[in-house]
4 protein chains.
Amino acid sequence: MAPAKPRSPNWVTRRQAIVDTSARIFAKSGYHGTGIAELCDANELGKGALYHYIGSKEELLAAIHDRVMDEVIRSAERVEQAGGTPRQRLTMAGDELLDIIARYPDHVWVFLHEFPALTGDRAAQFRKRRREYERSIEAIIAAGIKSGEFRKANPRLITLAWLGMHNYTYLWLKPEGKFTAHDVAKQFATVFIDGIATDHGAE
Amino acid sequence: MAPAKPRSPNWVTRRQAIVDTSARIFAKSGYHGTGIAELCDANELGKGALYHYIGSKEELLAAIHDRVMDEVIRSAERVEQAGGTPRQRLTMAGDELLDIIARYPDHVWVFLHEFPALTGDRAAQFRKRRREYERSIEAIIAAGIKSGEFRKANPRLITLAWLGMHNYTYLWLKPEGKFTAHDVAKQFATVFIDGIATDHGAE
Amino acid sequence: MAPAKPRSPNWVTRRQAIVDTSARIFAKSGYHGTGIAELCDANELGKGALYHYIGSKEELLAAIHDRVMDEVIRSAERVEQAGGTPRQRLTMAGDELLDIIARYPDHVWVFLHEFPALTGDRAAQFRKRRREYERSIEAIIAAGIKSGEFRKANPRLITLAWLGMHNYTYLWLKPEGKFTAHDVAKQFATVFIDGIATDHGAE
Amino acid sequence: MAPAKPRSPNWVTRRQAIVDTSARIFAKSGYHGTGIAELCDANELGKGALYHYIGSKEELLAAIHDRVMDEVIRSAERVEQAGGTPRQRLTMAGDELLDIIARYPDHVWVFLHEFPALTGDRAAQFRKRRREYERSIEAIIAAGIKSGEFRKANPRLITLAWLGMHNYTYLWLKPEGKFTAHDVAKQFATVFIDGIATDHGAE
DNA sequence: TATGAATGAGTCTTCATTCAT
DNA sequence: AATGAATGAAGACTCATTCAT
């Protein structure tokens with residue numbers, strides 16, 4: 001791969017804006033269902049000018065993915081650095097995850113719906129980072145089982161349950177919605193952790 | 001809408017086979033990413049003949065949706081007819097749902113990824129049935145809360161958690177996979193119902 | 001490469017006509033200078049229908065190349081089978097070559113001007129066959145030198161001189177032109193073979 | 001046409017360098033196959049700056065043509081001034097021509113491949129100078145026939161043979177190649193002039 | 001002199017669909 | 001029932017060129 005050529009701060013700012021705007025459009029009409037012309041309209045740019053910023057449609061899609069993935073990976077790092085019991089760490093991870101989902105509803109929609117549209121290296125890179133995050137969750141759960149805090153079960157399966165419960169909120173969790181991310185996270189943590197715990201804090 | 005033309009049994013059988021085969025292709029390449037030519041190849045049919053059976057690409061997509069939705073709605077009816085405590089009914093619902101997901105992995109993938117591609121009446125009809133199913137789950141949960149079996153919480157939120165946990169399995173639950181649908185369902189039920197229950201069966 | 005799917009005789013005929021018509025357009029405006037739209041006009045076909053026959057613009061270009069290359073290779077085979085002295089064989093080769101150039105002026109123009117536009121396997125295949133032909137000429141010249149009929153010289157260099165003299169006629173040799181291919185070939189043979197011969201038949 | 005604006009010596013020097021560098025790129029990728037961006041890269045200049053020097057892409061192409069044509073025309077003048085027998089003049093013309101082809105392989109490639117891309121006045125001007133050169137060769141040959149040095153033949157046809165033999169070397173004659181321009185020219189002269197001569201120097 | 005953002009017509013190609021056979 | 005030729009709008013993307021800075 002040729003090294004990405006250096007760009008002016010103006011260019012970088014503008015590109016970021018385009019990535020965010022386009023995420024909204026992709027979330028509404030789907031990646032394949034959105035034409036370049038539609039993106040041009042939304043970004044108030046001619047085709048040539050748009051391509052000046054995005055390189056290609058798929059590169060734009062990858063940028064949207066990265067925008068979320070960067071945050072998700074960073075949240076996993078914060079959780080790891082924060083330490084605490086598995087219960088505390090899983091609670092924090094859920095809180096951070098739902099916060100991202102609520103703050104980037106469009107990006108996350110794209111992320112969870114359109115990842116099969118990534119190809120080649122971009123797809124590989126994306127899968128790698130996704131797996132990395134999932135493993136960080138699985139590590140917490142495995143630790144909890146090992147310590148006896150969580151009941152004996154297949155950690156991968158429990159992880160998948162947790163991920164499903166949390167990720168699936170992308171369909172309805174919105175910044176201006178009925179539930180706040182933090183409230184939902186708290187309730188989910190209660191349900192899920194009580195469900196897997198050996199002692200039940202609530203009682 | 002014009003009443004559906006009566007068709008020969010042969011036609012119906014062949015159409016069903018085409019719907020199933022096409023689900024596989026859509027799951028692999030996406031609805032927009034799949035061309036009619038590819039469907040023709042997969043079904044070993046010329047374009048004219050294919051259209052003889054499918055009417056249009058979107059009608060084919062709708063048929064794939066219906067194939068799953070019919071099963072899902074029917075499972076909800078079975079659950080209702082079976083009766084029992086909320087705990088029992090929720091367990092059964094999860095078992096049936098995962099069974100469908102495992103038996104129709106391609107259809108379900110399409111169902112959960114490509115529903116935004118449906119337009120007009122077809123989209124409305126689909127949303128209506130989907131909501132209907134979700135309400136049947138919510139009713140069980142609300143009943144459990146009312147009866148005191150489940151702890152006090154927003155039933156909609158709990159429903160969404162349950163749906164996320166179960167629906168999300170479409171990403172990894174396969175007929176030939178490591179976990180059977182029934183096993184997964186049992187474990188999910190344990191976790192989830194323990195998580196929301198007021199008394200904990202495990203203790 | 002996937003095996004070319006079988007085509008109806010109608011399709012094959014029509015395709016051949018398209019190849020020939022398009023050669024004329026490419027010869028006039030150049031390969032890169034000709035748009036698909038222009039080809040559609042010339043062939044009285046819509047874009048979709050044109051692609052039904054050509055596969056891609058470059059495949060069309062390759063078909064034009066093949067049309068000539070097939071003839072050229074066949075002419076080399078005829079020369080070989082005809083036998084005779086090097087002088088006779090070289091004369092015959094020139095006669096056959098100019099005949100092809102005169103009969104396919106457009107194809108040959110494309111062949112000699114646009115071969116760098118071929119890529120990948122097609123380019124390799126083309127270079128291979130071209131070299132094959134050049135070697136058949138070089139073999140004749142080398143035989144003449146060895147037998148003493150032609151004077152001592154670098155056979156490759158003499159071959160290149162011969163090829164230049166003959167190929168370059170594509171710029172002016174036309175079926176309806178001032179000179180016939182056969183006349184030109186006869187005069188070229190006289191000049192060239194006298195130029196390299198050790199005895200001069202004319203005297 | 002407006003009179004060419006007067007330019008600083010710096011500008012002229014830089015432009016010449018750009019013309020030569022661009023010839024290399026055009027020779028590699030073709031005129032239509034080369035984008036302005038590629039020329040900018042090769043010349044290490046932004047688009048605006050490049051246009052400051054070249055005016056337009058076609059003007060750049062014309063400059064490449066002129067670079068060669070100027071030399072070719074000048075060589076014809078030198079041949080004329082040098083005088084001598086037709087045989088001597090033709091030998092000298094071949095030597096000069098191959099020298100140019102070997103020294104400007106890229107320019108000549110462009111010259112011989114891309115001249116159809118010139119339009120309007122530029123195309124007319126180019127054709128005029130090209131014809132001028134060809135006539136100077138034809139004049140030598142006609143003189144040789146008239147004087148009896150060359151055998152009776154259509155001078156135009158003999159000229160075309162000579163031009164083909166020499167011009168066609170652009171495909172393989174390179175400064176660092178196996179054959180030097182001077183050697184090739186000498187051998188070509190021997191072959192060609194012996195081929196058309198009435199007496200044969202070799203005997 | 002030089003930059004690079006912007007234009008918008010143009011590139012080749014694919015699309016879902018129709019229809020005569 | 002089935003074929004495959006035809007349509008023409010739309011697909012993503014590149015082009016040569018201009019111009020404010």
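Below, read A as the first sequence line, B as the second, and so on, with proteins coming before strands; counting in each chain starts at 1.
- Remark: side-chain polar atoms of R15(A) are paired, donor with acceptor, to backbone N or O of Y53(A) under 3.5 angstrom.
- Although no hydrogens or angles enter the test, the distance criterion places a donor-acceptor pair under 3.5 Å between the side chain of K57(B) and the main chain of T34(B).
- Residue pairs meeting the side chain to side chain donor-acceptor pair (under 3.5 Å) criterion with at least one partner in residues 43-52 of chain B, sequence neighbours excluded, are S22(B)-N43(B).
- Stem regions for DNA chain E, each three or more consecutive Watson-Crick or G-U pairs with both distances under 3.5 Å and listed by first number, read E:2-21 with F:2-21.
- Contacts between residues 7-28 of chain A and DNA chain F, defined by a heavy-atom separation below 4.0 Å, involve no residue at all.
- The separation between Y51(B) atom OH and dT18(E) atom C1' is 9 Å, rounded to whole Å.
- Ring orientation note: the planes of H113(B) and W109(B) are close to parallel, at an angle under 30° on the 30°/60° scale.
- Across the protein-nucleic acid pair, I54(B) atom CD1 and dA16(E) atom C1' stand 9 Å apart, rounded to whole Å.
- The ring-ring contact (aromatic ring centres under 6.0 Å, His included) check on F111(C) picks up H65(C), F126(C), with sequence neighbours excluded.
- Rounded to a whole Å, the CG atom of L39(A) is 16 Å from the P atom of dA10(F).
- For D41(C) and dG8(F), the CG to C1' distance is 14 Å, given to the nearest whole Å.
- Taking atom OH of residue Y31(D) and atom P of nucleotide dC15(F), one finds them 13 Å apart after rounding to whole Å.
- When the side-chain nitrogen and oxygen atoms of Y53(A) are compared with OP1 and OP2 of dA6(E), one or more of them lie within a distance under 4.0 Å.
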Between protein and nucleic acid, restricted to nucleotides 7-11 of chain E and to nitrogen or oxygen atoms under 3.5 Å apart, what atom pairs and distances do you find?
from: dT7(E); atom 1: OP2; to: G46(A); atom 2: N; distance (Å): 3.1

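- Every residue meeting the side chain to side chain contact (heavy atoms under 4.5 Å, CB included) condition with S56(C), not counting sequence neighbours, appears here in chain and number order: E58(C), E59(C), R122(C).
- A straight line from CG of N43(D) to P of dA2(E) spans 12 Å, rounded to a whole angstrom.
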